[in-house]
Amino acid sequence: MTHAYDVSHFFAGLMLVASFALLYQDRLFSVLNIFAAQAILLAIAVGWEAYTQQRPHLFITAALALGLKGIIIPVALHRMIVKLGVHRDIDQVVGVGKTLLIGLALTSLSLLLVLKITTAAESFTREGLALALAIILLGFLMMITRQNAITQIVGFMSLENGLILAATGARGMPLVVEISVAFSVLIALFVFAVFVFRIRERFDSVDIEALDNARGDQS
Amino acid sequence: MIPAGLEWPLGGLAVAIALYVLAAGLAATLHRSRAALASVYPLALVAALIGAAANLWGVLANHHQGLVLPIGLPVIGLHISLDTLSAFFGLIINGGVAATALYGIGLDRARDLSPRIEPFFAIFAAAMNLVVLAGDAFSFLFFWELMSLTSWALVVARHDDAAARHAGHVYLVMAAMGTAALLFAFGTLAGASGTYDFAAMRSTSYGPLASAVILAATLAGAGSKAGIAPLHAWLPLAHPAAPSHVSALMSGVMTKVAIYAIIRVVFDLLGTPAWWWALPFLILGAATAVLGLLYAVLDCDLKRVLAYSTVENIGIIFVALGLALAFKSGGYTAAAAVALAAGLLHALNHSWFKSLLFLGAGAVLHATGRRSFDHLGGLIHRMPVTAALFLVGTLSISALPPFNGFVSEWLLFQAVLAGPVLPEAVLRFMSPAVGAMLALAAALAAATFVRVYGITFLGRPRSGQAAVAHETSRPQLMAMALLALLCAYGGLFGDVTVAMLQPILQRLAGAALPGTGTGPTAFSLVAFSADRSIYDAPTIAVFLLISGTLTSMLVHWLSGRKTRLAPAWDCGFPDPSPLTQYTASSLSQPIRRVYATSVFGVREEVDMPPPGDLRPARLTVWFTDYVWNWLYAAPAQWLVAVSARLNAIQFLSIRANLMMMFSALIILLLLAAVWL
C-alpha cells in the first residue's frame, strides 16, 4: 500500500516540477509543451489513483485530462498562436529568480499548512494534498506574473490541474463533479479564446495591459 | 374552536395583531380611498383595546404561555412567548396605540391622511407587539427590524421636507447599527451551541468576558433605540419629524420596547449579575438625564423639546435599572425590587405623559401650523381644554404630586437612598452622585416644562396663526383626556400598579415590594417598610386640594373684592406689542449660562445699536453640539474619506485584481498556518 502512495507522490512531484518549469519558460511554444506534459502527468497520476483505489470511474477523469488538456487544448492554443502570429518571446513582470523564489516559498507554505492542519487525516493522502495545493498556488502565481493572455490561460489551466489532482487524491469525489469541472474548463477555454481574438482584433496585441487604456470607467 | 396554544390571553393578542395587519392591508390596497385610510384608526383602536385587555389579564394572572409556529427559519421555527414581563410591556404598547389611534380618529380627513402614514401606523403597532412576544432571537430581531423600518417610513412620510429626510437618514443608519449590535449580542448569547431559543439562553451561564460583550452590544443596540447618550442623536431629529400621533407612539412607546429588550437580555437571559454591570447603566443614565434636559433647555422647537425630554426620561429608567442590577448583585433583593419597580413604573408612566404631551403638541401644531416657541403663545384662551390637559402632562413629567411621574421618581429616590448598603466602594460612592444628578435633572425638567407651558399657552400670541388658533377635534381631546386620567390614576393609585408588577419583580429582582395593605391607609405605596418609606398619594392629594383651596380663598379674602382703577395693561406691559414679553430663549438664559456654557460651549453676542440708529438690537446665541461633532460628524467624514480612497480598488487592472485575490489567499493561508 505504501508503494502505491510512493508512486502517486512521484507523479504529483513531477507535476509540481512542471509547474516550476512553466514559471520561467519565456517562449510560448515551450509553455504549451510543458503544459501538455503536466496534463499527461495528471492523466497518469489519476489513472494510478483509479487503479490503486479500485475506482474505475476515475479512468474517465484520466481520459478526460489526457484528451482535453493533454491534446485538444494545447493543440488549440498552438493553432491560435500561429494564427495570431504572436510566437515571440514573453516578457515577464518579475524576474525569473524572484518568481522562482516566490514559487519556492509558496510550495513550502502549502506543505507546512497542509501537513499541519491535516494531522488527523490518512497520513499518505496528506502529502498528495500539499503538492496539489502547491500546484494551485503556482498556477495562480503564473497568472499574476504573466502579461500575455495565452500564458494566463495556461496558468489557469495548470491551476485547474492542481484542483483535479487534489480531488482525485481524496476519496469520494463523485464522477459528475469531475465531468462538470472538465466541462467548465472547456467553456473557460472558449471564453478565453474569444477574448484573446477580440483583444488581438482591437489592439494588435495580446498584452492584457493594452486593455487598461481602453477602459471607460477610469476616474 | 380555538387552536391549541391560542387560548386567552395569547389568543386576544393574536386577534389584535390580526386586526392591525388587516387595517394595514386595507389601507395599503385601497390607498386612494380616504375612507379606507381613515378606517385604520378605529380598527387599530379596537385592536389595541383587545390587546391591552389581554396584556392586562396576562400581567394580573401571572401567566406564561408559549407557542412554536412552523414558520420563519427552518428547524428554529417561530417561538412566541407571553410572560408577565412581555405582557406588561405589551400593555404599555397597546395603551399607547389606543390613545394615539383615538387621536387619529380625530385627524382632519382632507389634510392629514396619507397612504404614507396610515398603513405603516398599523404595521408599526403590530411589529411592536410582536417584538415583546418573540420567544427566540431570530424572530425578535426580525420584528425589531420591522418596527425600525415601519417607524422609519413614518419619519420620512413628509419626505418633501429636507429636515425629515435628514432625520430619516440618520435614523436609518442608527437603526441599522443598533440591529447589528443586537445581532452580535444574541449571537454571543446563542454561543457555540447556536440555540436561538430564549429558554435555552436563560439556562446557559456566561463567563465574564461573554457577559461584558453581550452587555456592551445590548446597550449599544437597544440603547440607541431607547436614546441613551451618546447614541441619542437620531431621536430628537426623528421623533418630531413624524406626524404628531406617531411621535407620541415613537417617543412614548417604541423607546419602551428598547427598554424591554434591555431588561429581557440583562435581567432575564444573562443570568446572575456581577456588580460592574451596574456601572454603564448608572453613568450613562445619569449623564443622559442631565444632558437631555440641557438640550431641551436650549431648544426652541416644541416637539424637539419633548423628544429631548424623552432622552432624559430614558436616562432615569437606565439609572433605575442600574441600581436594580447593583442591589441584585449584592444580594439586596428588596432594594433591587424597589429600583426595578421604579424603572418599570417610570416606563409605564412616561408612556402615558409623553404620549399626552406629544398629542397636545400635535393639537397645537394643527391649530397654528407652528412648532417654534417664537410663534406660539397665549393659546390657553383659544385652546382651553388642550391647555388644561397639557398642564396635567407637564405636571406629571415634572414629577409633581399627585400625578404619576412623582410616584416612579419617589420610588427611584428610595432606591438611591438605599445605596450606602452596597458592598463595592465604587457603587457606594456613585449612588449619591447619581442621586444628585437625578435631583438636578428633576429641577431642570421642571424648568423646561415651565418654559414649554408658559411660552406655548400663556402670555400673548407671538404670531398671527397663534392668535387665530382653534380648539382641536373631540376625539383628539378625548385621547388626551384619557391619558390625563391615566396620569392622575397612576399618581393616586401607584400602589395598585406596583401590586401588578410583583410577579415580575419576584422573578427578575428576586423579591417583591411589601405590597398593598401594609401601609397605614389604603392605597399608600410602601417601598421598604411602613415605618421607613411611605407615599400616601390619596391623603397627599386631599391635603393639596384642601390647602390649595384654602390658600386661594385666603388670598381672595385678603385682597378684597373692591375694584380698583389703574392704567390699562400697565401690569408690566405698558407696551402692547407681544414682542415685549419673555421669549423662550430669555426664559432659559440663566440655565443656559450656568450649565450649558461648559457642556455646549454656548456663546452669546449682543448687538446693541447706538442711540439714534434705527436697526433692531439683536441677541445671537451659538452653541456647539460636541457629541454630534465628535461621535457622528467626524466618523462620517472619516468614512467618506476612506471609501473615496478605497474606491480606487474598483478601477484596478486585471493583473492587479488577480494580485489582490492572490495576496488575500496567501495571507489567509499564512494565518491558518500560524494559528491552527
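Side chains are part of it too, since the values below use all heavy atoms of this structure and drop only hydrogens, waters and symmetry mates. By convention in this document, chain letters (A, B, ...) are assigned in the order of the sequence lines, proteins followed by strands, and residues within each chain are numbered from 1.
In this structure, B:Phe142 places its CZ atom where only 12 or fewer heavy-atom neighbours from other residues, nucleotides or ligands lie under 6.0 Å away. Around CH2 of B:Trp638, the count of heavy atoms belonging to other residues, nucleotides or ligands within 6.0 Å does not exceed 12. Environment of OH in B:Tyr626: crowded, with over 12 heavy atoms of neighbouring residues, nucleotides or ligands closer than 6.0 Å. Atom CE of B:Met177 has more than 12 heavy atoms from other residues, nucleotides or ligands within 6.0 Å. Atom CZ of B:Phe184 has 12 or fewer heavy atoms from other residues, nucleotides or ligands within 6.0 Å.
For the pair A:Lys116 and B:Val674, the tightest heavy-atom approach, listed with the atom from each and the gap, is NZ-O, 3.6 Å. When all heavy atoms are compared, the tightest approach of B:Ala673 to A:Leu109 is CB-CD1, 4.2 Å.
To the nearest 0.5 angstrom, A:Ile144 atom CD1 is 11.0 Å from B:Met660 atom CE.
Both the backbone and the side chain of B:Leu670 come within contact range of chain A, judged by heavy atoms closer than 4.5 Å. Neither the backbone nor the side chain of A:Leu112 comes within less than 4.5 Å of any heavy atom of chain B. Using a 4.5 Å cut-off between heavy atoms, A:Leu141 contacts chain B through both its backbone and its side chain.
Side-chain contact between A:Leu106 and B:Phe662 is present, with heavy atoms from C-beta onward closer than 4.5 Å.
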